Amino acid sequence: MVEKIAHKLTRNPRLVALIAVLLLIPSALGYIGTRVNYDILTYLPQDLESSQGERLLEEPFHMAATSMLIVEDMPAAYTNSLIYAIRQVPNVSNAVWLSNAVGIQIPINFIPANLRDMFYAGDATMIIIQYDKSGADEDTMKAIQAVRDICNEKCFLAGFSVVIKDTKDLVDRELPVYVALAVVLSLIAMSLTMESVVLPFVFLASIGMAIVYNFGTNILLGQISYITKAIAAVLQLGVTMDYSIFLYHRYLEEKGRYEDKRDAMTQAIVAAFTSLSGSSLTTIAGFIALCFMRLTLGRDIGIVMAKGVVLGVATVILVLPALLLLFDKQIEKHKHRSLLPDFTKVNGWIVRRRRWLAVLFLLLFPPALYAQSHAGVYYKLDEALPQDMASIVANNKLKDEFDMATSHFVLLRDDLPATDMNRMEGELKEVEGVTSVLSYHAMLGAGIPDFFIPEDVRDMLKQGGWQMMMINSEYPTASDDVSRQLKEIGTIIKACDPQALITGEAALTDDLISTSAVDFQVTNYISIAAIILIVAWVFRSLSMPVVLVAAIELAIFINQGIPYFTGTVIPFVSPTIIGCVQLGATVDYAILLATRFREELRSGKDRTEAIQAAATASDGSIITSSLVMFCATLGVGLISEIEIISSICTMLARGALISALVSIFLMPAVLCVCEPLLQKTSFHWRETEKAVPHGAEAL
C-alpha cells in the first residue's frame, strides 16, 4: 500500500508540489483566525477557588479586567473630564474616582483617611477602570489602547490586564524576528554540515510548509497561548529537521541501485515511512507528556507540538520527495565538501578510555541532580517582561506611590450582617501588609449616606447576591509574604462566610506555584516512562532503555542545573517544558548510536570495533541535528525581551548541544562497557530477528 502511494507521488512531483502550495492558503486563513491567549493565569485548573472567583469577577461584576490609572500633578477638573471620556470608550464598563464614588458634594477633607489615602498620594490620584470582558480578550486590549490614547503623558495605566496588552504587542513585534533568525541560523548550520548549497533551502521549504499547516490547524483548538505561538515554529523546525535528513540520505543510497531516480525515491519513501513512524514516537511522547499538566498551558504546547511532529513526518513523506525530485539537478550541481571533521581518532581515544569515561558518566549525576533541584525559579509573571515597558513602569508607580504592590479581590454573600462585616474588616486591616480595604459596607461605615453612593459604584461592589471587597497589599505577587497574607485573609473571611472566594493576580499566582510544583514531577515521570516503554519495544531490551534515557536525563540535569551555578533565576515553566521536550527530541541521538552499534555487532565485530565504527558513522548526523536545533532556538533566546520565551529557547538550544556532547563523548563508552549486560537482557541482541519490527532498525 505504502509503495503504491509512493510510486504515484514520485510520478507526479509537480502536482504534489502544487497541491502542497495550495494547502498553504486555508492554513494561512486558519492561522489568522486562531485566537491567541496572552494570560497564563487562565490556564489554571477551573476547580480552584481563585479561578471560580475570577469567573465571578468577570460576570456579573465585570472586574476580571481592572486597571488603575494614575494621574500625576493635574487639576481635579482634568481628572473629572478624563473619567467621562474613559466611560465613553467601547468595552469600558465603568471608571471610578473617589470624588465620584462618594459624591461630588462631599469635600475631599471630609472623606475618611483610609479611603482618601487609597485614591490620593501626594500630587497623584488614582482612577479604577473596569472592562466588559476579561483581560485577555481582544476587545479589552482595544479598550486599553483607547484609554491610553485619551490620556496625556502624566497618566500611567497599571494593572495585570495592561501587562497582558503590552505582552501581546511585544510578541507580535518580535515574532517575525524569531522566525527570520531561526531560518538564517539554520541555513548557516546546514550549509556547514551538508554537501549542497541548494539542499538546505529545499529542506526549509518543506519544513516551512509543515509549520504553516500546523499553525493553520490550530484553529481547531479554538486558541493557543502566546508562548506556544512564539516557540512552536522554531521548535518544530529544530525537532523535525532530522526526518528530512534521513529521507535524503536514504534517497542517495537508493540512487546507486536504480537507474530511474523516481524508483529510488519510491524506495526511500517506503523506508522513511517505516522508520520515521517509529522514531517520531519518542518526540511525540515527550510533547504528549506535557498534556498531563494541571496547568493547561502544558496541554496547549503539547498538543500543538505533537501535531507539528505528525505533520512534519507527513510532509517529509508526501511533499519533500516531490521537492527533491524537482530540484535534484540543482542540488547535484551545487554540491561541495562537507566541513564536518573525521571523528575516527576521537572515537578511538574514547574507546581506549571507555572505563574512565563510564565512571565519569556516573560521577556527573550527583552534582548535576543537586544543581537541577536547587536552581532558582520565579513565578511573578511581570518579572519576565522588560522593566521599561509602560505597564511595568505604571505598576511600579502604583506600588511606590500608593503602596499597592497587589490587590486581592474577595467575593462574599451580600446579606452578611453589619456586625460580621465590621469585625471582618477590622481584622483584615490588622493583617500585616494590608494597606487598605475597600467595600460597599466600608463606605457606608465611613459615615456616607447610602443615597450619596452613585449607582455605578454600588453596581461595582454588589451584584447577583454577591458583594466584592478589594484588599490592597504592600507585598508583591509570588512572594512568601503575600502567600502567608492570603492564608491569613482566607482564615478571617471564611469564619464569616464559608462560601467566600479570594481571587486576583496574587491568589491566582499562589495557586500557580502549588500547581506547577506537582506538574513538574508528573510530566517528567510520564515522559520518562513513555519513552522507556517505546525504546524497550524498539530494541526488545530491558536494559537498553534505561541506559539511553539515563544518558539524556544526565544532559537534562546538567542543562537545568547550569542556572544554579550561574546564579540565574529562571521562569517557573521552563524546567517543566525542557524536561519533556529535551528528552523527547534528543533521545534520538542516543537511539541512533545504539542502533548502529547493534548493527555493527550483528555484522560480526567485537564490541570495541563495533562501537568505534558506530560512533564514527553516527557523529555527523548527531552534530547536524543538534546544530539545527541549537540554531533554530538560539536566536530567539538571545533577542527575545520576554524572559519566559527567552529562557525556554536558550535552554532548548543549550540542551541540544549538551545532549549531543553526552551522546558523542560518553555514550560510546557506556554502551561498550554495558554491552555484556545488554546482551543478557535483550532479545536477539547479536543475531538478526527473522522479522524486525517496523521502525526498529532506523531509529
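All figures in this text were calculated on a predicted structure; none of them were measured in a lab.
Every residue meeting the side chain to side chain donor-acceptor pair (under 3.5 Å) condition with Y178, not counting sequence neighbours, appears here in chain and number order: E174, S640. F287 is linked by a ring pair (Phe, Tyr, Trp, His ring centres under 6.0 Å) to nothing, counting only residues two or more places apart in sequence or in another chain. Listed by chain and residue number, L181, I639 satisfy the side chain to side chain contact (heavy atoms under 4.5 Å, CB included) test with V177 (two or more places apart in sequence, or in another chain). The salt bridge (charged side-chain N to carboxylate O under 4.0 Å, His left out) search around D137 returns none, not counting sequence neighbours. Scored by the ring pair (Phe, Tyr, Trp, His ring centres under 6.0 Å) test, Y370 finds H374, Y564 as partners (sequence neighbours excluded). Partners of T491 under the side chain to side chain contact (heavy atoms under 4.5 Å, CB included) rule, at least two apart in sequence or in another chain, do not exist in this structure. Taking Y243 as the reference, nothing meets the ring pair (Phe, Tyr, Trp, His ring centres under 6.0 Å) condition, with sequence neighbours excluded. Shown here are the side chain to side chain donor-acceptor pair (under 3.5 Å) partners of R299, two or more places apart in sequence or in another chain: there are none. In terms of the ring pair (Phe, Tyr, Trp, His ring centres under 6.0 Å) criterion, residue partners of Y31 (sequence neighbours excluded) are, by chain and number, F215.
Contact annotation: the side chain of V313 never approaches that of T240 to less than 4.5 Å [non-hydrogen atoms, C-beta and beyond]. Counting heavy atoms from C-beta outward, E54 and L508 have side chains that approach closer than 4.5 Å. Using a 4.5 Å heavy-atom threshold, the side chains of T477 and F160 count as separate. Taking the side chain as every heavy atom from C-beta outward, Y226 and D39 never approach each other to under 4.5 Å. Proximity of M469 to V437: side-chain heavy atoms (C-beta onward) are separated by under 4.5 Å at one or more points. Between K168 and M141 the shortest side-chain heavy-atom distance falls below 4.5 Å. Under the 4.5 Å side-chain criterion, counting only non-hydrogen atoms from C-beta, L290 is in contact with V581. Side-chain contact check for M305 versus Q236: some heavy-atom pair is nearer than 4.5 Å.
Taking both residues in full, the closest heavy atoms of G637 and S646 are given as O-OG, 2.7 Å, listed atom of the first, atom of the second, then distance. For the pair Q485 and G433, the tightest heavy-atom approach, listed with the atom from each and the gap, is NE2-C, 3.2 Å. When all heavy atoms of G159 and M68 are compared, the pair lying nearest together is CA-CE, 4.5 Å. In this structure, A182 and A632 approach most closely via the heavy-atom pair CB-O, 3.4 Å. Here the closest non-hydrogen pair linking S659 and T586 is OG-OG1, 2.9 Å. Nearest heavy atoms, G504 versus F409: CA-CD1, 4.0 Å.
With no hydrogens or angles considered, no side-chain donor-acceptor pair links Y475 and S483 at under 3.5 Å. Between the side chains of S625 and D588, no donor-acceptor pair is found at a separation under 3.5 Å. S391 and K165 are not linked by any side-chain donor-acceptor pair at a separation below 3.5 angstrom, with hydrogens and angles left out of the test. Between the side chains of T34 and N218, no donor N or O sits under 3.5 Å from an acceptor N or O. E505 and H408 form no side-chain donor-acceptor contact under 3.5 Å, judged by distance and modelled atom types alone. Between the side chains of S225 and N37, no donor-acceptor pair of N or O atoms lies under 3.5 Å. When only modelled atom types and interatomic distance are considered, S50 and T503 share no side-chain donor-acceptor pair under 3.5 Å. Donor-acceptor pairing under 3.5 Å is lacking for the side chains of Q467 and S439.
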Derivation and outcome, side-chain contact (heavy atoms from CB on, under 4.5 Å), residues M293 and F520: CA-CA 8 Å; M293 292 172 62; F520 178 74; over 6 Å; no
Candidate pair E474 and K399, rule side-chain contact (heavy atoms from CB on, under 4.5 Å), full reasoning: CA-CA 7 Å; E474 66 181 28; K399 175 183 177 181; over 6 Å; no
Criterion side-chain contact (heavy atoms from CB on, under 4.5 Å) on F557 and S373, from CA distance to verdict: CA-CA 9 Å; F557 293 157; S373 60; over 6 Å; no
side-chain contact (heavy atoms from CB on, under 4.5 Å) evaluation trace for I493 with I502: CA-CA 9 Å; I493 66 168; I502 306 175; 3.3 Å; yes
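Judged by distance alone, the side chain of S514 and the main-chain N or O of D511 form a donor-acceptor pair under 3.5 Å. Side-chain atoms of D510 do not come within 3.5 Å of backbone N or O of A506 as any donor-acceptor pair. In terms of modelled atom types and a separation under 3.5 Å, the side chain of S51 and the main chain of P45 share a donor-acceptor contact. The backbone N or O of M468 lies less than 3.5 Å from no partner atom in the side chain of K462, so there is not a single donor-acceptor pair. No side-chain donor-acceptor contact under 3.5 Å links Q560 to the backbone of Q372.
Taking CG of N559 as the reference point, atom CG of L652 lies at 8.0 Å (rounded to 0.5 Å). T66 contributes atom OG1, which lies 7.0 Å from atom CG of L57 (distance to the nearest 0.5 angstrom). Between atom OG1 of residue T523 and atom CD of residue Q521 there is a gap of 8.5 Å, rounded to the nearest 0.5 Å. To the nearest 0.5 Å, the span separating CG on L512 from CG on D519 amounts to 9.0 Å. Between the CG atom of N524 and the OG1 atom of T576 there is a distance of 7.0 Å, given to the nearest 0.5 Å. Distance CG/L48 to CD/Q46: 8.0 Å, rounded to 0.5 Å.
Among the candidates I556, L554, I532, the single residue satisfying the side-chain contact (heavy atoms from CB on, under 4.5 Å) test with V549 is I532. Each of L157, T140, V92 was compared with S67 under the side-chain contact (heavy atoms from CB on, under 4.5 Å) criterion, and only L157 meets it.
Within a 6.0 Å radius of OH in Y378, other residues, nucleotides and ligands contribute more than 12 heavy atoms. Annotation for E432: atom CD does not count as buried by contact number, only 12 or fewer foreign heavy atoms lying within 6.0 Å.
Residue pairs meeting the salt bridge (Lys or Arg N to Asp or Glu O under 4.0 Å) criterion with at least one member in residues 482-499, sequence neighbours excluded: E49-K494, R413-D497, D481-R484. For residues 280-294, every residue pair satisfying the salt bridge (Lys or Arg N to Asp or Glu O under 4.0 Å) rule, not counting sequence neighbours, is listed here: D47-R294. Applying the salt bridge (Lys or Arg N to Asp or Glu O under 4.0 Å) test to pairs two or more places apart or on separate chains, those with a residue in residues 216-239 are D172-K229.
Y379 and F572 have parallel rings, their planes meeting at less than 30° on a 0 to 90° scale where 60° marks the start of perpendicular.
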